[in-house]
Amino acid sequence: MLQRALGSGWGMLLPGMVITGLAFTDLSLAAWKAMIVSGLLLTSLMLYHKQLRHFVLLPSCMALVSGIMLVLINVSQG
């Protein structure tokens, strides 16, 4: 039962850790924008795939966290 309650938690934690690691590599704004676009495109493609539908949180959360990082970069450069 605990596995079902925490089943979608890894879908947010895994992309969050990857994006946090990428935040320390000092990527350009164009790279962050490309990650957002690729995350959104992968999400739409994965929705229509029968087997990959279960992992749709990975690219969507990647796009969300990349967008948050892009906003933080723009605010800090302000």
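Because only heavy atoms are used, hydrogens play no part in the values below, and waters and symmetry mates are left out as well, while side chains stay in. Along the sequence shown, residues are numbered consecutively beginning with 1.
- Counting all heavy atoms, side chain and backbone alike, Ser38 lies closest to Met62 at OG-CE, 3.8 Å.
- Its side chain within the 4.5 Å cluster rule, Val71 clusters with Val75 among the Ile, Leu, Val, Met, Phe, Trp and Tyr residues.
- Leu42 and Ile36 end up in different hydrophobic clusters when Ile, Leu, Val, Met, Phe, Trp and Tyr side chains are linked at under 4.5 Å.
- Scanning for side-chain contact (heavy atoms from CB on, under 4.5 Å) contacts around Leu29 gives Leu70, Ile73, Asn74, Gln77, with sequence neighbours left out.
- Ser60 places no side-chain N or O within donor-acceptor distance of the main-chain N or O of Thr43, the cut-off being under 3.5 Å.
- By the side-chain contact (heavy atoms from CB on, under 4.5 Å) test, Leu22 pairs with Val18, Ile19, Thr25, Leu27, Trp32, Met35, sequence neighbours left out.
- Sorted by first then second residue, the ring pair (Phe, Tyr, Trp, His ring centres under 6.0 Å) pairs that include residues 56-78, not counting sequence neighbours, number zero.
- Other members of a hydrophobic cluster containing Leu45 are absent, since no ILVMFWY side chain comes under 4.5 Å of it, directly or through relayed contacts.
- Residue pairs meeting the ring pair (Phe, Tyr, Trp, His ring centres under 6.0 Å) criterion with at least one member in residues 55-75, sequence neighbours excluded, are Trp10-Phe55.
- For Ala34, there are no side-chain contact (heavy atoms from CB on, under 4.5 Å) partners, not counting sequence neighbours.
- Not counting sequence neighbours, the partners of Ile68 by the side-chain contact (heavy atoms from CB on, under 4.5 Å) test are Leu64, Leu72.
- Results of the side-chain contact (heavy atoms from CB on, under 4.5 Å) test with Met46 over Leu41, Leu52, Leu58 single out Leu52 as the only residue that passes.
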